[in-house]
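This structure is a prediction, so every number in the text was calculated from the model and none was measured.
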Amino acid sequence: MMPSTKGTCGGSAACPFTVRSALLRYLTVFCGASPGHRDAHREAAVSLGASLAAAGYGLVYGGASTGLMGAVADAALAAGAPVVGVIPRGLVQHEIAHRGLTGLHIVDTMHERKALMAQLGDGFVVMPGGFGTLEETFEILTWTQLGLHEKPCALLNVAGYWTPLLLFLRHAAEEGFVHRRFLDNIAVCDAPDEALRRLTAYRPLPHLFAPVSVEA
């Protein structure tokens, strides 16, 4: 069953603001369209695709056939999971779109792509990637702070890939630019199975503008 595009904004592809599902059904995976230089990156992508399928989840991702994107999609498909891609029209013209997916949404812009990927997924897993992966991830984390969604996010720290970024984010928290409670609520995991467990156990935090209860 394909994930619905209907959300709290009437089903617009440009609207990411959907409430959290009671159950995790589709997971949105952010990762690189490049394979990286380490075999461990591709191996983790294959393991994630197989693990989410075994756990009964579908996959939402960036729609490419290359790199870690292609690896996680192929593994999920091979294990019987529904896989939905979201890709801008311009990238389709460069022939990198995956042609064997359960469903492929072709959108006009990168902004639409991010919004629809956020809307279709009930949670997020971040694998190694570059500028695009970072942009997607930080936007999701920002939306969490602002209370625009209550969906869990796990960082799959393959071979310590995200460790330097996590060190920077701790520095930013110490300098007063990142709220430590939101940083600590990111599920940093070493393996796909751990990431899936942490997503299931996730409890959302009150957002930055949530009313503060005052006891009498």
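- Evaluation of the ring-ring contact (aromatic ring centres under 6.0 Å, His included) rule for F30 yields F124 as partners, not counting sequence neighbours.
- Here the side chains of L91 and R113 are in contact, with some heavy-atom distance below 4.5 Å.
- The hydrophobic clustering, which links ILVMFWY residues whose side-chain heavy atoms are closer than 4.5 Å, places L183 and L148 together.
- Of all heavy-atom pairs between Y61 and H98, the closest is OH-CB, 3.3 Å.
- Minimum interatomic distance between R99 and V92 (heavy atoms only, all atoms of both residues): NH2-CG1, 3.7 Å.
- In this structure, the separation between CG on L146 and CG on L141 is 11.0 Å, given to the nearest 0.5 Å.
- M69 and G63 get closest at one heavy-atom pair: SD-N, 4.4 Å.
- Distance check, rounded to the nearest 0.5 Å: CZ of R198 to CG of N185 gives 9.0 Å.
- No donor-acceptor pair closer than 3.5 Å links the side chain of T66 to the backbone N or O of I96.
- Interatomic distance, OG1 of T137 versus NZ of K114, reported as 10.5 Å (0.5 Å rounding).
- Atoms SG and CE, from C31 and M127 in turn, are 6.5 Å apart once rounded to the nearest 0.5 Å.
- Rounding to the nearest 0.5 Å gives a distance of 11.5 Å between CZ of R203 and CD of E150.
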Sequence neighbours excluded and cut-off under 3.5 Å, please list the side-chain donor-acceptor pairs for residues 152-173, or say none.
| unit_1 | atom_1 | unit_2 | atom_2 | d |
| --- | --- | --- | --- | --- |
| N157 | OD1 | Y161 | N | 3.2 |
| N157 | OD1 | W162 | N | 2.6 |
| N157 | OD1 | T163 | N | 3.4 |
| N157 | ND2 | T163 | OG1 | 3.1 |
| Y161 | OH | G129 | O | 2.6 |
| W162 | NE1 | L156 | O | 3.4 |
| T163 | OG1 | G160 | O | 3.3 |

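- In this structure, E136 has no salt bridge (Lys or Arg N to Asp or Glu O under 4.0 Å) partners at least two apart in sequence or on a different chain.
- Smallest separation of non-hydrogen atoms from Y26 and L59: CD2-N, 3.8 Å.
- In terms of modelled atom types and a separation under 3.5 Å, the side chain of R25 and the main chain of D122 share no donor-acceptor contact.
- Rounded to the nearest 0.5 angstrom, I186 CD1 and T144 OG1 are separated by 8.5 Å.
- Between A73 and L101 the shortest heavy-atom distance is CB-CD2, 4.3 Å.
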Checklist entry - Stepwise, does the side chain to side chain contact (heavy atoms under 4.5 Å, CB included) test hold for R89 with V107? => result CA-CA 6 Å; R89 197 173 308 278; V107 296; over 6 Å; no
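- Residues V29 and L68 form no side-chain contact, since every pair of their non-hydrogen atoms from C-beta on lies 4.5 Å or further apart.
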Tabulate below the donor-acceptor pairs under 3.5 Å that side-chain atoms of residues 41-50 make, not counting sequence neighbours, or state none.
none

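- Residues meeting the salt bridge (Lys or Arg N to Asp or Glu O under 4.0 Å) test with D190, sequence neighbours left out: none.
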Item to check | I140/H149 under side chain to side chain contact (heavy atoms under 4.5 Å, CB included): CA gap, chis, key distance, verdict | outcome: CA-CA 8 Å; I140 288 299; H149 72 83; 3.7 Å; yes
I'd like a table of donor-acceptor pairs (distance under 3.5 Å, sequence neighbours excluded) in which one partner is a side-chain atom from residues 75-85, with atom names and distances.
none

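- Smallest separation of non-hydrogen atoms from L196 and A55: CD1-CB, 4.2 Å.
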